[in-house]
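What follows is a short report on a single structure.
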Amino acid sequence: MPTFLPDLPESRVLEALTRAPGNELRSGKFDSAESSAALVANAFGWFLERPTALPPLPGVPAGAVEAVDLEVEMRFPWSGGRHPWLDVGIVTHTTLVGVESKRYEPFRPAKQTGFSDVYDRPVWGPNMARYTALAQALIAGTADFRSLDAVQLVKHAYGIRTRATKRALGAVLVYLYAEPALWASGKPVSPAAKAQHRDEIARFGAAVAGDDVVFVPLRWGDLLRQWAQVPDLTAHVAALRARFGDLG
């Protein structure tokens with residue numbers, strides 16, 4: 001049984017983690033000192049039963065929060081097959097926000113991912129043309145992303161757009177990333193790797209700017225600094241920093 005920070009609704013967090021693919025709990029990955037899943041579950045799990053306490057995320061045009069959930073499936077406009085799962089789903093009166101969180105993943109050797117033929121279906125709408133053009137460039141091998149999982153982000157954007165359209169909401173994809181100084185072993189994380197990651201984030205954002213799904217990169221460190229300014233969240237932020245250390 002994983003150990004959560006104080007004042008979290010453990011049963012709801014466990015329910016969310018159990019329903020999601022990836023077997024983070026059963027595989028033991030959740031208990032790793034470098035676990036991204038543990039970070040995001042502990043950070044946002046605090047808001048599952050108090051969603052209005054979550055401040056609007058920095059840079060996200062969404063307004064006051066109405067609902068927060070962990071491990072949210074954003075289904076494509078067809079049945080069957082695999083559909084994207086976002087680490088966090090946030091709903092406001094106007095907007096659906098999907099959060100994809102990374103901690104150490106961008107600084108590890110990249111895993112090859114791609115698109116199946118189903119993504120060629122003309123179902124995304126004309127205002128997703130930039131995401132689609134990027135997907136085609138990734139398929140053709142003319143878009144070079146080595147630390148940023150651009151394929152995953154495009155798929156997430158398609159899923160968020162589908163769900164938001166059904167609800168008549170705006171759509172935002174937040175890429176929430178850490179820039180830790182050290183690996184769990186104490187070895188420094190390469191500054192060059194972090195610089196490359198930032199460059200790829202900027203290139204991705206420029207490539208999709210103007211489409212229906214707004215792409216917002218956000219550093220964990222900046223998010224926690226915002227939360228720390230809210231009196232009701234200072235203890236939560238202190239606990240996160242004590243458990244997970246420097247997040248950049």
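When reading the values below, keep in mind they use all heavy atoms of this one structure, side chains included, and skip hydrogens, waters and symmetry mates.
- Side-chain N or O atoms of Asp149 include one that pairs as donor or acceptor with a backbone N or O of Gln152 at under 3.5 Å.
- There is a path of hydrophobic side-chain contacts, each under 4.5 Å, that joins Val216 to Val88.
- Asp87 contributes a side-chain N or O that, together with a main-chain N or O of Ser101, makes up a donor-acceptor pair within less than 3.5 Å.
- For the pair Arg163 (side chain) and Glu73 (backbone), a donor-acceptor distance under 3.5 Å is present.
- Hydrophobic clustering (side-chain heavy atoms under 4.5 Å, transitive across Ile, Leu, Val, Met, Phe, Trp, Tyr) keeps Tyr177 apart from Trp85.
- When hydrophobic clusters are built by joining Ile, Leu, Val, Met, Phe, Trp and Tyr residues whose side-chain heavy atoms come closer than 4.5 Å, directly or via intermediates, Val172 is grouped together with Leu54.
- Once rounded to the nearest 0.5 Å, the distance linking CG of Leu86 with CD1 of Ile160 reads 4.5 Å.
- The cationic group of Arg203 lies under 6.0 Å from the six-membered ring centre of Phe145 and within 45° of the ring axis, placing it in a cation-pi geometry.
- Listed by first and then second residue, the ring-ring contact (aromatic ring centres under 6.0 Å, His included) pairs involving residues 229-248 are Trp46-His236 (not counting sequence neighbours).
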Go through Leu57 and Ile90 one step at a time and tell me if the side-chain contact (heavy atoms from CB on, under 4.5 Å) criterion holds. CA-CA 10 Å; Leu57 302 185; Ile90 300 168; 3.9 Å; yes
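- The minimum heavy-atom distance linking Leu233 with Ala53 is given by the pair CD1-O, 4.1 Å.
- Aromatic ring centroids of Phe44 and Trp227 lie under 6.0 Å apart.
- Of the possible polar contacts, one joining the Gln226 side chain to the Pro56 backbone as a donor-acceptor pair under 3.5 Å is found.
- If you chain together hydrophobic residues whose side chains sit under 4.5 Å apart, Leu218 and Phe107 never meet in one group.
- For the side chain to side chain donor-acceptor pair (under 3.5 Å) with Ser147, the lone residue among His197, Arg198, Glu200 that qualifies is Glu200.
- Residue Tyr131 is grouped with residue Val151 when hydrophobic side chains (ILVMFWY) are merged at heavy-atom distances under 4.5 angstrom, including chains of intermediate members.
- Counting heavy atoms from C-beta outward, Val230 and Pro55 have side chains that approach closer than 4.5 Å.
- Interatomic distance, CG of Leu8 versus CG of Leu14, reported as 10.0 Å (0.5 Å rounding).
- Ion pairing between Lys194 and Asp199 fails under the 4.0 Å rule for side-chain N and carboxylate O.
- If you take CG on Leu153 and CG on Leu134, they are separated by 9.5 Å, rounding to the nearest 0.5 Å.
- Within the model, atoms CZ of Arg161 and CG of Asn127 stand 7.5 Å from one another, a figure rounded to the nearest 0.5 Å.
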Show the numbers, then the answer: is there a side-chain contact (heavy atoms from CB on, under 4.5 Å) between Glu66 and Thr52? CA-CA 6 Å; Glu66 296 180 349; Thr52 58; over 6 Å; no
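- Distance check: Leu223 CG to Trp220 CH2 gives 6.0 Å after rounding to the nearest 0.5 Å.
- Looking only at side-chain heavy atoms (C-beta outward), Leu39 and Leu247 come within less than 4.5 Å of each other.
- Between Pro84 and Gly159, the shortest heavy-atom distance links the atoms CG-CA, 4.0 Å.
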Check the pair Met74, His156 against side-chain contact (heavy atoms from CB on, under 4.5 Å), reporting the backbone distance first and the verdict last. CA-CA 7 Å; Met74 304 284 183; His156 283 351; over 6 Å; no
Run Phe204 and Ile201 through side-chain contact (heavy atoms from CB on, under 4.5 Å) and show every step you take. CA-CA 5 Å; Phe204 184 95; Ile201 292 170; 5.8 Å; no
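- Residues Asn42 and Leu5 come closest through the heavy atom pair OD1-N, 2.9 Å.
- The shortest distance between side-chain heavy atoms of Val189 and Leu182 does not fall below 4.5 Å.
- Ion pairing between a basic and an acidic side chain is recognised when a charged N comes within 4.0 Å of a carboxylate O; Asp246 and Arg103 show no such pairing.
- Note that CG of Asp69 and CZ of Phe47 are 14.0 Å apart. Values are rounded to the nearest 0.5 Å.
- At a threshold of 4.0 Å, the pair Glu100-Lys155 does not count as salt-bridged, since none of the basic side-chain nitrogens sits closer than that to a carboxylate oxygen.
- Shown here for Val68 and Leu48, the closest heavy-atom pair between the two residues is O-CD2, 3.5 Å.
- Annotation: Arg50, atom CZ; neighbour count of heavy atoms from other residues, nucleotides and ligands within 6.0 Å is above 12.
- The two residues Thr92 and Gly63 make their nearest non-hydrogen contact at CG2-O, 3.7 Å.
- Contacts classified as salt bridge (Lys or Arg N to Asp or Glu O under 4.0 Å) and involving residues 125-137 (residues at least two apart or in different chains) are given here: Arg130-Asp211.
- Contact of the Tyr158 side chain with the Val213 side chain is not registered, since no non-hydrogen atoms from C-beta on lie closer than 4.5 Å.
- Remark: the backbone N or O of Gly170 is not paired with any side-chain donor or acceptor of Thr95 at under 3.5 angstrom.
- The aromatic rings of Trp183 and Tyr104 lie parallel to each other, with less than 30° between the two planes, well short of the 60° mark.
- Residues Pro51 and Val65 share a closest heavy-atom pair of O-CG1, 3.4 Å.
- Using a cut-off of 4.0 Å between Lys/Arg side-chain N and Asp/Glu carboxylate O, Glu10 and Arg12 are scored as not salt-bridged.
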